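Since the structure comes first, as structure tokens, the remarks are kept for the end.
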There are 2 protein chains.
Amino acid sequence: MNTFDSQSAHALLLQNVGRFIELDETQQNLYLSLFKEKRIRRKDFLLQPGEITRYEYFVVQGALKVYTLDLHGKPHVSMFAIEDYWTGDMASFLTQQPSSYFIEALEDTEVLMISKENWDRLFQIIPAFEQFYRNLYQRSLVSYIQRTNQGISLSAEERYHIFLKKYPFLINRISQKDLAAYLGVTPEYVSMLRNKLSKK
Amino acid sequence: MNTFDSQSAHALLLQNVGRFIELDETQQNLYLSLFKEKRIRRKDFLLQPGEITRYEYFVVQGALKVYTLDLHGKPHVSMFAIEDYWTGDMASFLTQQPSSYFIEALEDTEVLMISKENWDRLFQIIPAFEQFYRNLYQRSLVSYIQRTNQGISLSAEERYHIFLKKYPFLINRISQKDLAAYLGVTPEYVSMLRNKLSKK
DNA sequence: GGAAAAAAATAAACTAGTTTAAGAAATTAC
DNA sequence: GTAATTTCTTAAACTAGTTTATTTTTTTCC
């Protein structure tokens with residue numbers, strides 16, 4: 001695992017925010033100063049059930065999976081996050097109630113993390129960030145709603161095809177087991193689907 | 001259908017907001033002035049797919065169901081709203097993109113509705129409302145996430161029992177068909193579940 | 001670089017929930 | 001108040017996805 005490259009991490013974060021709002025150099029430096037850096041190794045956790053999450057995470061390098069265990073102990077993956085993605089447990093972050101999610105590194109991973117207090121500080125100094133933040137939030141809410149609707153209205157096979165189309169860059173980085181836990185089926189069934197698809 | 005009783009509608013709305021923030025009389029009157037009244041008859045719609053929703057709705061009297069049709073044309077109910085409930089299509093309201101939901105009255109229904117512009121006006125004049133609004137929002141997000149997790153991890157039978165326990169007051173007001181569309185199963189299956197339960 | 005562990009494939013028996021269809025009960029509408 | 005429509009029940013055949021178990025392939029780790 002390499003050392004954390006602050007410079008390129010910061011460049012990625014600024015590029016991310018730059019897609020929504022324009023900042024001068026002073027503002028950029030303020031923004032960057034509000035984040036902490038963190039590195040975690042493959043199979044380690046950023047968050048575990050029962051913990052109250054204080055941060056939102058921006059992935060600089062690596063890959064994370066966010067998942068919960070159901071009553072039967074089976075994992076359900078709610079999202080994968082790679083470079084340039086924001087992640088976290090919105091419900092626990094917002095309500096400051098214990099999380100029911102694991103956030104686990106699939107590879108050695110580097111994140112930049114920011115607390116609620118630092119967001120609030122930022123909003124006071126640079127109000128334009130409220131717009132950025134609301135946008136971030138709304139987009140994740142909307143994609144959450146869409147994913148839920150897919151889970152409701154599509155078969156596992158249809159969801160598998162949509163995943164392949166929408167996230168082709170993820171397939172090489174996640175296991176079939178984790179993909180199954182994301183699609184909501186057994187790994188055996190994914191195996192069968194993949195096999196069926198390759199025969200066409 | 002009775003005439004809209006503005007006075008008790010307003011009383012209910014003030015009682016609702018009063019559970020979160022304290023307002024003096026001037027503030028109460030400002031708040032009330034930002035709502036429009038609307039009555040719709042059973043089987044009529046507050047919103048239909050393709051429309052961009054401009055309002056959020058507070059139910060004063062009656063009952064609504066919020067649902068969408070899947071690719072096979074089957075309805076999936078995402079929520080029921082009765083007196084003292086807020087409802088709407090958050091995704092369309094936020095993004096100003098066409099909705100994919102129906103909001104249909106199950107009974108003759110009276111609502112108070114407020115636009116995004118009026119919320120913004122309110123935030124400027126009485127900042128305490130930002131807190132109330134964020135709270136409203138966060139609560140609905142959290143319950144949305146919980147419901148999704150239930151759909152993922154519980155059997156239809158378990159979801160049926162949870163529904164009975166959590167919303168006993170709704171059972172007499174909705175059809176078995178709509179309950180089935182909420183639980184994500186066929187009406188026939190709900191019929192079987194009910195029968196099975198009553199034999200215990 | 002090879003042993004141990006984890007992941008993936010295959011296949012057969014199984015189950016939760018669907019589909020179809022037909023009759024009984026309850027609501028609605030004039 | 002009764003005819004028409006909708007809702008609910010029951011039951012049997014069916015299907016998408018699960019479970020279990022065994023084998024093969026890939027990855028991990030010292």
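Convention: sequence-line order gives letters A, B, ...; per-chain numbering from 1. Every value quoted in this text rests on a predicted model; they were computed, and no experiment measured them.
For A:Lys196 and C:dA11, the NZ to C1' distance is 16 Å, given to the nearest whole Å. Atom-to-atom, CG of A:Leu193 to C1' of C:dA8 comes out at 14 Å; the value is rounded to the nearest Å. Remark: C1' of C:dA29 and CG of B:Asp108 are 14 Å apart, rounded to the nearest angstrom. Remark: C1' of D:dA16 and NZ of B:Lys74 are 12 Å apart, rounded to the nearest angstrom. One atom, CD1 of B:Ile174, and another, P of C:dA26, lie 19 Å apart when rounded to the nearest Å.
Within 4.0 Å (heavy atoms only), A:Thr186 reaches at least one base atom of the nucleic acid.
In the model, A:Glu56 has a side-chain atom that pairs as donor or acceptor with a side-chain atom of A:Tyr133 under 3.5 Å. Side-chain atoms of A:Asp89 and A:Ser99 include a donor-acceptor pair closer than 3.5 Å. In the model, B:Glu37 has a side-chain atom that pairs as donor or acceptor with a side-chain atom of B:Ser6 under 3.5 Å. Using modelled atom types and a 3.5 Å distance limit, the side chains of B:Asn118 and B:Tyr55 yield no donor-acceptor pair.
Along DNA chain C, the nucleotide closest to B:Tyr189 and the one closest to A:Lys43 are compared, and the more 5′ of them pairs with A:Lys43. Positionally, the nearest nucleotide of DNA chain C for A:Gln176 lies more toward the 5' end than for the other of A:Gln176 and B:Val185. Residues A:Gly184 and A:Arg42 each lie close to DNA chain D; by heavy-atom proximity, the contact nearer the 5' end of the strand is made by A:Gly184.
The nucleotide whose nearest atom lies closest to any side-chain atom of B:Glu188 is, among C:dA7, D:dG17, D:dT10, D:dT10.
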